[in-house]
Amino acid sequence: MSIYDTLNPEQRRAVEHDRGPLLILAGAGSGKTRVLTHRIAYLIEERNVSPFQILALTFTNKAAREMRERVDKIVSYGAQNVWVSTFHSSCVRFLRRFIHLLGYDRNFTVYDTDDQKTLMREVCKYLNIDTKTMKERTLMNVVSSAKDELTSPEEYAKNAEGDYTKTQYARVYAEYQKRLKTNNALDFDDIIFKTVELFRTQPEALSYYQRRFRYIMVDEYQDTNTAQFLLISLLANSENEYGETEHNLCVVGDDDQSIYKFRGANIHNILDFEKQYPDAAVIKLEQNYRSTTNILDTANAVIRNNLGRKDKELWTANGKGSPVVFTQFESDYEEAEAIVSDIAGTIQEEPDTASYHDFAILYRTNAQSRVFEEKLIFRGIPYKIIGSINFYQRKEIKDVLAYLKTIDGGADSIAVKRIINVPKRGIGQTTIDRIDTYAAEAGMSFYDSLHHTGEIPGIGRAAAKLSSFVALIESLKSRLSSCGSSLSSIVETLLDETGYLDEIRENEDDQTAADRMANIDELINKLAAYEENAEEAPTLSDFLAEVALVADVDNLTGDSDCVVLMTLHSAKGLEFPHVYLCGMEDGVFPGYMSINAENPELEIEEERRLCYVGITRAMKTLRLSAAHMRMVRGEAQYNRPSRFIDEIPRHLLNIRGINRSASLLPDDAFPQSSIRGAKPSGYGQSGKNPPYSLSGGSYGAGNYSYPSSGKYGTGFPRPLSATEFDRPDPTKAARPIRQFDSKNLAPLGYGIGDTVQHVKFGTGLVTNVVQGGRDYEITVDFPSAGTKKMLAGFAKLKKI
DNA sequence: CCATTACACATTTTT
DNA sequence: TGTGTAATGG
């Protein structure tokens with residue numbers, strides 16, 4: 001019996017497809033990694049393909065690591081010669097070899113988001129751009145999208161002609177790019193962008209890799225952006241031994257799991273694969289090995305509402321399993337309490353079968369984790385939050401890395417400026433600005449101008465401090481190059497000599513100081529491990545680049561027994577026996593940003609895919625929940641349950657709710673998530689829709705909304721205890737639902753062409769009124785503030 | 001130059 | 001709510 005016998009027919013067909021383009025549409029949990037790894041084994045063992053000729057590209061280090069391990073396990077020989085790595089790491093390796101052809105130095109550094117932001121701030125300052133009207137964040141997105149679309153600064157400028165804002169963007173982009181190059185740095189997008197540029201302009205570099213990689217596999221193909229798409233297309237264009245062009249390209253993905261449009265992912269890359277390669281074979285993997293029938297039916301029911309997707313439906317031979325539960329709680333607080341106590345209860349009841357790491361709490365935004373954290377701490381349940389605070393983004397780590405970058409070359413001015421006054425050396429902003437000006441005029445790098453302090457006007461007393469800083473860096477530099485000290489020992493030396501550790505000890509409270517020291521220790525360990533394991537000669541640049549390309553989820557290992565909390569985005573690719581998908585409310589999930597977007601249909605579809613991803617993470621049980629009231633940024637918000645809940649057929653859901661008497665509810669239906677203390681000033685004074693009961697079977701039949709009074713605690717009944725998951729209290733009836741009809745919006749009192757008064761912007765002309773789901777979106781031209789789009793519910797416009 | 005305070009501001013984020 | 005940046009005064 002061969003290893004291929006364990007595959008189902010579709011999987012097997014995919015594995016045995018050895019030549020030409022192949023698209024594998026792999027639904028969630030359909031065993032795509034298995035297919036990829038078995039296909040690698042098959043090519044090597046049955047088709048005599050050299051392991052050196054195989055390239056497997058992933059998005060995350062975690063995925064790359066997993067694939068690497070599994071390839072090593074099933075491929076009998078030469079497994080380590082298969083190139084398995086992320087897009088970015090691969091491109092860094094390509095660029096280390098050839099980037100000099102593009103005028104960069106081969107020991108370039110990689111800028112992470114923080115560095116990018118710092119650089120962008122400098123650019124704005126230099127170009128006199130008011131960061132109040134044009135935020136760095138926006139500018140970074142502009143530059144990032146431009147690069148994702150392979151638009152050079154010059155092209156961008158050309159396209160921007162005649163448009164003032166775009167012309168500004170073009171100036172920023174050009175200056176930003178210029179500075180990156182001066183600093184010999186690439187940002188994340190550059191890594192792909194520059195590789196494509198390399199392959200387009202340097203045929204030798206391209207054909208070198210085309211000849212090398214004859215079989216290319218791409219995981220999560222639905223998440224590729226235009227630049228990555230082109231990169232793949234260029235590489236997968238090799239010639240075989242008969243001089244024929246062949247496209248041995250195998251892409252795996254699921255259009256339903258495309259959730260990174262906001263980062264430039266282009267879903268058409270997967271949808272149009274067959275157009276690009278008319279001879280492509282297409283194989284659908286629809287059998288799911290992860291979840292129960294109930295969970296998959298729920299997932300299918302939701303995703304069915306998206307248009308323009310590849311037709312497919314997941315099924316499983318697993319049993320029906322327990323029903324999917326939806327509970328609406330009184331507040332986010334009670335939601336968290338119930339979920340945490342449910343986890344504790346399950347663990348207590350089934351200590352032999354359930355452990356903490358079987359449970360995942362998933363949410364839309366990182367901010368939602370806080371309540372859970374509180375409850376988990378209170379109960380003493382071990383947990384891990386995967387999230388925005390990446391190890392390598394911590395201040396102390398970034399400081400140490402900045403020191404290393406400075407020692408490594410000093411071309412990266414952002415790094416030098418970061419640590420020139422850390423710990424405090426009495427070198428302030430004015431001094432830095434003066435050096436900057438001098439450096440720009442003299443055409444040298446920031447660090448190099450530190451050697452010429454005598455010539456810099458206005459430096460005065462700071463000169464001595466600057467030279468002692470330079471002396472420190474130089475001594476570390478020589479220790480590294482001539483004495484052959486290890487990287488890790490250099491770090492120890494610099495921490496000691498700069499007094500960095502002392503500063504932490506003095507200025508932080510005991511706990512944070514201890515945390516920081518521990519982090520630094522861990523960094524030293526990682527450095528030492530890197531030096532030991534490096535394939536070739538370990539270099540500082542390589543370590544730094546590697547480190548810049550690490551995400552938080554990458555460090556999620558199964559070895560610690562913790563409940564895991566993370567955003568839906570981070571959860572992609574993972575699975576858990578028990579999943580809690582919380583915050584299922586309109587305005588939270590789908591987020592208000594998508595509901596109020598210019599193109600809500602499109603954005604809601606992306607949110608729906610996110611929902612699909614969340615649902616399909618669950619193996620055995622899935623609990624959906626919402627809160628009637630939620631504290632968001634210190635304000636109470638009242639949201640109706642998510643529209644995605646409506647999309648799940650009633651018979652699949654076990655609905656549990658909070659008890660509340662209908663008569664206590666005020667009549668106003670809020671147009672949008674409400675504001676603390678807001679007066680229910682004239683919205684939807686309908687009051688004529690009779691409440692109907694949840695148990696009456698009408699749940700999910702159409703539009704409805706929960707009315708709300710403003711402030712929590714005013715016209716609102718005292719919070720009642722939430723029904724516990726799994727243990728419905730029969731004394732508490734299902735909560736009543738009232739129907740809501742969007743046509744019942746209150747008349748606005750003004751319309752297009754009217755002049756209105758706004759609290760902040762003054763008077764303006766209404767140019768457009770669009771009726772959204774529960775509110776009007778008003779476009780107003782203000783002579784003072786420009787054109788603004790706002791929701792009638794928030795704007796409080798008055799006709800004049 | 002640096003500490004303090006006032007103020008504005010908030011999606012998601014594989015790399 | 002709580003964080004991170006801009007203005008202020010010592």
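Scope of the values below: all heavy atoms of this structure, side chains included, with no hydrogens, waters or symmetry mates. Fair warning: this is a prediction, and the values are worked out from it, not measured in the lab. Every chain is numbered from 1 and lettered A, B, ... according to where its sequence line falls, protein lines coming before strand lines.
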Those residues that, when tested against D515(A), pass salt bridge (charged side-chain N to carboxylate O under 4.0 Å, His left out) (two or more places apart): none
D115(A): partners by salt bridge (charged side-chain N to carboxylate O under 4.0 Å, His left out), with sequence neighbours left out: K398(A), K405(A)
Check: dT12(B) base within 3.5 Å donor-acceptor of R364(A) side chain: yes
Distances under 3.5 Å only, N/O to N/O: pair up the protein atoms with those of nucleotides 2-6 of chain B.
from, atom 1, to, atom 2, distance (Å)
dC2(B), OP2, N421(A), ND2, 3.2

Involving DNA chain B, stems made of at least three consecutive Watson-Crick or G-U pairs, both distances under 3.5 Å: B:1-9 with C:2-10
Those residues that, when tested against M593(A), pass side chain to side chain contact (heavy atoms under 4.5 Å, CB included) (two or more places apart): none
Distance-only donor-acceptor test (3.5 Å): side chain R630(A), base dT1(C): no
Partner set under side chain to side chain contact (heavy atoms under 4.5 Å, CB included) for R425(A), not counting sequence neighbours: Y403(A), N421(A), P423(A), I427(A), F469(A), L472(A), T498(A)
Ring geometry between F372(A) and Y363(A) (parallel below 30°, tilted from 30 to 60°, perpendicular above 60°): parallel
T138(A): side chain to side chain contact (heavy atoms under 4.5 Å, CB included) partners, not counting sequence neighbours: K135(A), Y169(A)
Partners passing side chain to side chain contact (heavy atoms under 4.5 Å, CB included) against E546(A) (at least two apart in sequence or in another chain): Y530(A)
side-chain hydrogen bond (donor to acceptor under 3.5 Å, both in side chains) partners for E607(A), two or more places apart: R364(A)
Under 4.0 Å protein heavy-atom contact, by nucleotide of nucleotides 3-10 of chain C - B base, S sugar-phosphate only: S-S-----
Contacts of type side-chain hydrogen bond (donor to acceptor under 3.5 Å, both in side chains), residue T151(A), not counting sequence neighbours: none
With E66(A) via salt bridge (charged side-chain N to carboxylate O under 4.0 Å, His left out) - residues at least two apart: K62(A)
Contact under 4.0 Å: T567(A) side-chain N or O vs dT13(B) OP1/OP2: yes
Position toward the 5' end of DNA chain B (nearest nucleotide), E603(A) or R434(A): R434(A)
